[in-house]
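Lettering of chains follows the sequences in order, A, B, ..., and the numbering in each one begins at 1.
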There are 2 protein chains.
Amino acid sequence: MGLTKTEIFTEDQNKLAQVLKALAHPARIAILQHIIASNTCICGDLVNELGLAQATISQHLKELKNARLIQGTIEGVSVCYCIHPENWEALKHNLNDFLSTFKGSTQCC
Amino acid sequence: MGLTKTEIFTEDQNKLAQVLKALAHPARIAILQHIIASNTCICGDLVNELGLAQATISQHLKELKNARLIQGTIEGVSVCYCIHPENWEALKHNLNDFLSTFKGSTQCC
DNA sequence: AATATCAATCGTAATATTGCAATATAATAT
DNA sequence: ATATTATATTGCAATATTACGATTGATATT
């Protein structure tokens, strides 16, 4: 198979998993950190910073865009990326809600 | 290729990506939610709850164990799973630190 | 107009993931 | 001892992901 059975899970579970999948790669974490660190939009110097080919970076950026974690606007010949503020906040809250449902009080196992 | 170039990233980036990968599947999110909801340890009623085969659940549990998000102890004939409290807290803090480095103030793009 | 530059896309190879049936293993019960 | 129950492992097929060279498309620059 190799195909996730999305139909047996809730929409929330599927959505959270999808965003986390976009985050779950060191290159994409590095890209996001880089975008955040240079607090203005970052144009495509990512290829120089990370040790990956231009095609690969472009692909990772696409996935981050699909997950709506970043947005890009064309700036002349290059493209300008930045965090999607609303969706970033939403993820932060969703994740915190999920992780906070566990109250580590009861001793078990 | 198909092989992540871990050597060009920091250890923190690789580790965070790895834990997120373990979280990034709806079945594993559902499993974690189920373990958390029944605040005692949960034994293998997961197979009945989710609509996945026993082998598949077992595999997902293994990945969550590898990521050290859960721990299991043998309880007679069955196994008892629960959240790994320290690592869960650690993930919560790591993720929050990462997500909070973005201060959504400056308008861009 | 010709050329340079930047980023997206296509095509491809290598590897990873997902899911399950079948089988194996381990502990208890009879 | 043997059967039963619960979980793990193996092996496999289908699909997804990662990475990159080559190409394409779009905008500047000359």
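- Atom pair B:Ile74:CD1 and D:dA6:C1' shows a separation of 11 Å (rounding to whole Å applied).
- What separates CD of A:Gln71 from P of C:dA7 is a distance of 17 Å, to the nearest Å.
- Residues A:Leu20 and B:Ile29 form a side-chain contact, since some pair of their non-hydrogen atoms from C-beta on lies under 4.5 Å apart.
- When each of D:dA6, D:dA26, D:dT7 is scored by its nearest atom to the side-chain atoms of B:Val77, the top-ranked nucleotide is D:dA6.
- The environment of B:Glu11 atom CD is sparse: at most 12 non-hydrogen atoms of other residues, nucleotides or ligands sit within 6.0 angstrom.
- At whole-Å resolution of the value, CG in A:Leu3 and C1' in C:dC20 are 13 Å apart.
- In this structure, A:Leu52 atom CG and D:dA19 atom P are separated by 6 Å, rounded to whole Å.
- Whole-Å rounding puts the B:Ile57 CD1 to D:dA8 C1' distance at 14 Å.
- The aromatic rings of A:His25 and A:His60 sit tilted, their planes meeting at an angle between 30° and 60°.
- Between the side chain of B:Ser78 and the main chain of B:Ile74, no donor-acceptor pair closer than 3.5 Å is present.
- The side chain of A:His60 contributes an N or O atom lying less than 4.0 Å from OP1 or OP2 of D:dA19.
- Between B:Tyr81 and D:dA8 there is a side-chain polar atom (N or O) within less than 4.0 angstrom of OP1 or OP2.
- Of the candidate nucleotides D:dT9, C:dT9, D:dA16, D:dT9 has the atom nearest to the side chain of B:Ala55.
- Among the nucleotides C:dA21, C:dG11, D:dA6, the one closest to any side-chain atom of A:Gln59 is C:dG11.
- Put simply, A:Lys65 has a side-chain N or O that comes within less than 4.0 Å of OP1 or OP2 on C:dA8.
- Look at CD1 on B:Ile8: it is 7 Å from P on D:dC20, rounded to the nearest Å.
- Looking at the side chain of B:Lys21, the nearest of the listed nucleotides C:dG19, C:dA16, D:dA6 is C:dA16.
- Along DNA chain C, the nucleotide closest to A:Lys62 and the one closest to B:Gly76 are compared, and the more 5′ of them pairs with A:Lys62.
- Here C:dA26 presents its C1' atom at 13 Å from CD of B:Gln54, a figure rounded to the nearest Å.
- Of the candidate nucleotides C:dA21, D:dC20, C:dA27, D:dC20 has the atom nearest to the side chain of A:Thr56.
- The CG atom of A:Asn66 sits 14 Å away from the P atom of D:dA16 (whole-angstrom rounding).
- Enclosure of atom NZ in A:Lys92 by more than 12 non-hydrogen atoms of other residues, nucleotides or ligands within 6.0 angstrom is indicated.
- The listed nucleotides are C:dA8, C:dG19, D:dT18; the one nearest the side chain of A:Ser58 is C:dA8.
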